[in-house]
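The next block holds one structure in the form of structure tokens; read it before the comments.
In listed order, ligands and their atoms are each counted from 1.
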Amino acid sequence: MSFLKEIERRRTFGVIAHPDAGKTTLTEKLLLFGGAIQEAGAVKNNKIKKGATSDFMEIERQRGISVATSVLAFNYKDKKINILDTPGHKDFAEDTFRTLTAVDSVIVVIDVAKGVEEQTEKLVEVCRMRNIPMIVFINKLDREGRDAFDLMDEIEQKLHLRVTPLSYPIGMGYDFKGIYNLWEKNINLFSEDSRKNIEDVIRISDLNSNELDKLVGEKAAGRLREELEIINEIYPDFNREDYVQGNLQPVFFGSALNNFGVRELLDGFIEIAPSPRAKESDTRLVQPEEEKFSGFVFKIHANMDPKHRDRLAFVKIVSGTFERNTPYLHVRQGKKLKFSSPNAFFAEKKEIIDTSYAGDIVGLHDTGNFKIGDTLTEGELMNFKGIPSFSPEHFRYINNADPMKSKQLEKGIDQLMDEGVAQLFTLEMNGRKIIGTVGALQYEVIQYRLEHEYGAKCTYENFPAYKACWVKPDDPKNEEFKEFKRIKQKFLAHDKSGQLVFLADSEFSIQMTQSKYPSVKLRFTSEDIK
Ligand code: G4P
């Protein structure tokens, strides 16, 4: 197959959802339809379950699972599908945000009874800001849920999307009879058996024939005809270009658990979802069809076995082909690196591969060269944009609890930060180190991993910050900036890349600072300041 065809057939996407909406179930069913797995239950759920085990053990369990589910790849029809795992738990939100820099589109799963939930809002906002094409899948139609029009209204209002249904449910819950596929203009009837036999679907093609009445009953048939008329009137026609630009989001309905509506979703997806998209670097827009390889690290996974300190860096290939044993430039370090055993992912397995194409993810064994956001090229000096650090929500001093192991502690902190587990801030005034995290759970993980992987011990102490604001003065030499630095010295720190950060203790303090020192601009993600 030609190089261009290989790229064109790739579909790299993520499934995003509030926990429990059915992300794992849907992912698994997509793999099942793709023939990549033979039975349900093969994809492990990576959500954090509270209960018998302590939190950090839960996270270790989750980390173990996410090695296996980071990338799930399979071939379906003539397409190569790469599903990137996105943890739904809010403590891992940053992980998910970073993964979203490597997808070309997403599927948003919404629970028909719960509608739009908190995490859905946050994740969709990130996708919307980046114009990532989104398909919405409303799940659990076998249960009593909300009215379809109500839900689509809520999606438009809370998520600020412009939706149009490509499939539409006939009844719901106990009365759920099936789905009208507006895309292919046919009907797929729900049978209790569909859980057992995924091929067995009943299809009719003429909506106005009384065959429909016979199949779903007169009442449901009449209602469907009426509702389709309303859809025709109030929702825009589907237009692929609008979807690909992020201006229109098609909606599908189904029940992942019952394999229902999943094939419609997958078939619709491969037809409309974009092949690898161009990506902005600090010097230019890079097109996937360019012959020269380029890519960036969006995730780093430490080995679960503490005796083997190597890590797996996940690289999204933006352009060209990645070849085994070929030297590539690590732009930040300015040195060439060769990879003798790059991993490709297939279903839940990884295997060594010679060639990968734009759109694919390769896993590179790393002994500490990479950090998240690093760019690899064939020699061109450029850096891909779009992997910002967001302000953490929790801040604690980290103290060394074993003076004999300070080197180990330093190395451990350094590497865990490169992995993106948390962010490190060093106070300007006294050099004390502060760890900032999105969720409180990460502190336990860090403590546990420092001890088990690096032999270092730490304790924490609260640091009363509310938000990290990256500081960008209009003029670093003006009096206002000097005064700001003097007054706020106790709260000024440097992040790992040396950028100045103001650790504000309240929203009020941020507002006061902004009005008192208008030329000292505060930014809430690290990237905005470049
Ligand atoms: P997540 O990854 O988004 O967190 O959700 P997950 O797939 O784990 O699904 C959450 C729960 O919802 C699971 O039940 C799952 O079986 C159920 N579920 C998923 N899709 C459907 C559906 O179409 N219909 C119905 N009725 N339920 C669905 P659980 O009891 O929490 O877990 P399990 O014991 O079944 O695994």
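Less than 4.0 angstrom separates some heavy atom of Asp20 from each of these atoms of ligand 1: 1 (P), 3 (O), 4 (O), 5 (O), 10 (C), 12 (O). Set against the non-hydrogen atoms of Pro19, the atoms of ligand 1 under 4.0 Å away are 4 (O). Taking every non-hydrogen atom of Ala256 and a distance limit under 4.0 Å, the qualifying atoms of ligand 1 come out as 23 (O). If you number the atoms of ligand 1 from 1 as listed, the ones under 4.0 Å from a heavy atom of Ser255 come out as 22 (C), 23 (O), 24 (N). Ligand-side atoms of ligand 1 in range of Lys23: 1 (P), 2 (O), 3 (O), 5 (O), 7 (O), range being under 4.0 angstrom from any heavy atom.
At a 3.5 angstrom cut-off on N or O pairs, Asn258 does not count as close to ligand 1. Geometrically, ligand 1 and Leu257 share a nitrogen or oxygen pair separated by less than 3.5 Å.
Counting only residues at least two apart or on different chains, the ring pair (Phe, Tyr, Trp, His ring centres under 6.0 Å) pairs with a member in residues 227-255 are Tyr168-Phe253, Trp183-Phe238. For residues 100-110, the set of pairs meeting the salt bridge (Lys or Arg N to Asp or Glu O under 4.0 Å) definition, not counting sequence neighbours, comprises Asp104-Lys316.
Note that the OH atom of Tyr357 and the CG atom of Asp360 stand 9.0 Å from one another [nearest 0.5 Å].
Within the set Leu26, Thr25, Asp142, the minimum heavy-atom distance to atom 9 (O) of ligand 1 is found for Thr25.
With hydrogens and angles disregarded, no donor-acceptor distance shorter than 3.5 Å links the side chain of Lys299 to the backbone of Asp95.
Heavy-atom contacts from other residues, nucleotides or ligands closer than 6.0 Å to CD of Glu218 number 12 or fewer.
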(message) With salt bridge (Lys or Arg N to Asp or Glu O under 4.0 Å) as the criterion, how do Glu154 and Arg146 come out once you've worked through the C-alpha distance, each side chain's angles and the decisive distance to 0.1 Å?
(response) CA-CA 11 Å; Glu154 185 178 76; Arg146 311 233 320 254; 3.3 Å; yes

